[in-house]
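Written out below as structure tokens is the structure these notes cover.
Values in this document were obtained by computation on a predicted structure and should not be read as measured data.
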Amino acid sequence: MIVFFELATYKLFGSTYLVTVLLYKFAFIAPYAIVLSFAKTSMHRVWVVFFISCLFLFCAITIHRGNPQGYDVFLPCLLVLFLYCARSGVAAASKASKLKYAVLAGVCLSLAELTRPFMIYLVPL
């Protein structure tokens, strides 16, 4: 999946900058921002999750500085997006919204499975 996007951006724009730099940075930060929306039930939870996310983000930046592999960043992003879409689909009021979130959750889960070979064992869970 990642190679497909890199190849597509290279063919369209002549560079993989869009995927290897911009999308990589988005996928690196997005899970920490999405997790904040899970904790919005109380302000205390938001602050706790915010500080834990900042700590994890700092540690992830320190680790990835030595080994910046794209699939290590895209997998957690896709899994958190799957959880977000699944949760939003359950909470949606209309059938159209439920269907939209179900399709988005399925796309995120299938893309996560295509990112790493061991995900085939985790998808049934």
Side-chain angles (χ1 to χ4, degrees):
M1 175 216 56
I2 299 166
V3 172
F4 170 75
F5 287 132
E6 286 177 355
L7 185 61
T9 57
Y10 182 76
K11 289 289 188 180
L12 289 173
F13 305 113
S15 171
T16 60
Y17 178 81
L18 184 67
V19 175
T20 57
V21 176
L22 296 180
L23 192 60
Y24 181 88
K25 288 179 181 178
F26 171 79
F28 201 85
I29 296 170
Y32 300 105
I34 294 169
V35 167
L36 283 173
S37 73
F38 292 153
K40 65 182 176 185
T41 55
S42 74
M43 197 50 125
H44 176 70
R45 276 188 172 178
V46 169
W47 282 109
V48 169
V49 170
F50 174 74
F51 286 119
I52 290 173
S53 293
C54 288
L55 174 67
F56 283 3
L57 186 59
F58 172 75
C59 295
I61 289 170
T62 304
I63 292 169
H64 275 274
R65 190 174 293 141
N67 187 17
Q69 300 296 324
Y71 50 81
D72 286 340
V73 172
F74 291 119
L75 179 66
C77 182
L78 290 167
L79 289 177
V80 171
L81 280 171
F82 162 72
L83 292 173
Y84 178 79
C85 291
R87 186 174 185 219
S88 298
V90 169
S94 69
K95 288 207 182 251
S97 294
K98 287 183 184 286
L99 180 63
K100 176 183 77 169
Y101 283 118
V103 168
L104 287 173
V107 167
C108 289
L109 187 61
S110 63
L111 288 176
E113 194 277 324
L114 291 172
T115 304
R116 299 293 286 159
F118 60 79
M119 275 300 296
I120 192 73
Y121 302 114
L122 298 177
V123 168
L125 296 177

TODO: Would you indicate whether the side-chain heavy atoms of Tyr10 and Thr20 approach each other to under 4.5 Å?
DONE: no

Task: Separation of Glu113 CD from Cys108 SG (nearest 0.5 Å) - done: 13.5 Å

Open item on the list: Grouping I, L, V, M, F, W and Y whenever their side-chain heavy atoms are under 4.5 Å apart, do Leu78 and Phe26 come out in a common cluster?
Closed with: yes

Open item on the list: For a quick test of reading the model, state the closest non-hydrogen atom pair linking Tyr101 to Ala92 and the distance between them.
Closed with: CD1-CB, 4.4 Å

Open item on the list: Looking at every heavy atom in both Val73 and Ala27, which two are closest together, and how far apart are they?
Closed with: CG1-C, 3.4 Å

Open item on the list: Rounded at 0.5 Å granularity, tell me how far CG in Leu104 sits from CG in Leu99.
Closed with: 9.5 Å

Task: Cluster link Val19 to Leu12, ILVMFWY, side chain under 4.5 Å - done: no

Open item on the list: If hydrophobic clusters are built from ILVMFWY residues whose side chains come within less than 4.5 Å, do Leu109 and Val35 share one?
Closed with: yes

Task: Same apolar cluster: Phe13 and Leu7, side chain cutoff 4.5 Å - done: no

Open item on the list: So for atom OH, which belongs to Tyr84, do other residues, nucleotides or ligands contribute more than 12 heavy atoms lying within a distance under 6.0 Å?
Closed with: no

Open item on the list: I'd like to know if the side chain of Thr115 and the backbone of Leu111 have a donor-acceptor N/O pair within less than 3.5 Å.
Closed with: yes

Open item on the list: Using side-chain heavy atoms (C-beta onward) and a distance below 4.5 Å, is Phe38 in contact with Leu83?
Closed with: yes

TODO: For residues Ala105 and Phe82, report the shortest heavy-atom separation together with the two atoms involved.
DONE: O-CD1, 3.2 Å

Which pairs of donor and acceptor atoms, one on a side chain in residues 43-51, lie under 3.5 Å apart (sequence neighbours left out)?
| residue | atom | partner | partner atom | Å |
| --- | --- | --- | --- | --- |
| Arg45 | NH1 | Thr41 | OG1 | 3.1 |

Task: Beyond-backbone contact of Leu81 with Cys77, side-chain heavy atoms, under 4.5 angstrom - done: yes

TODO: Measure the shortest side-chain to side-chain distance between Leu23 and Phe74 over non-hydrogen atoms and say whether it is less than 4.5 angstrom.
DONE: yes

Open item on the list: Please determine whether residues Phe5 and Leu114 belong to a single hydrophobic cluster, defined as Ile, Leu, Val, Met, Phe, Trp and Tyr linked transitively by side-chain heavy-atom distances below 4.5 Å.
Closed with: yes

Task: Under 3.5 Å donor-acceptor, Lys98 side chain and Val90 backbone - done: yes

Task: Euclidean distance, Tyr24 OH relative to Thr16 OG1, rounded to 0.5 Å - done: 13.5 Å

Open item on the list: With a 6.0 Å cut-off (strictly less than), is the heavy-atom count around CZ of Phe58, excluding the residue itself, greater than 12?
Closed with: no

Open item on the list: Would you say that Phe28 contacts Ile61 through its side chain, given a criterion of any heavy-atom pair below 4.5 Å between the two side chains?
Closed with: yes

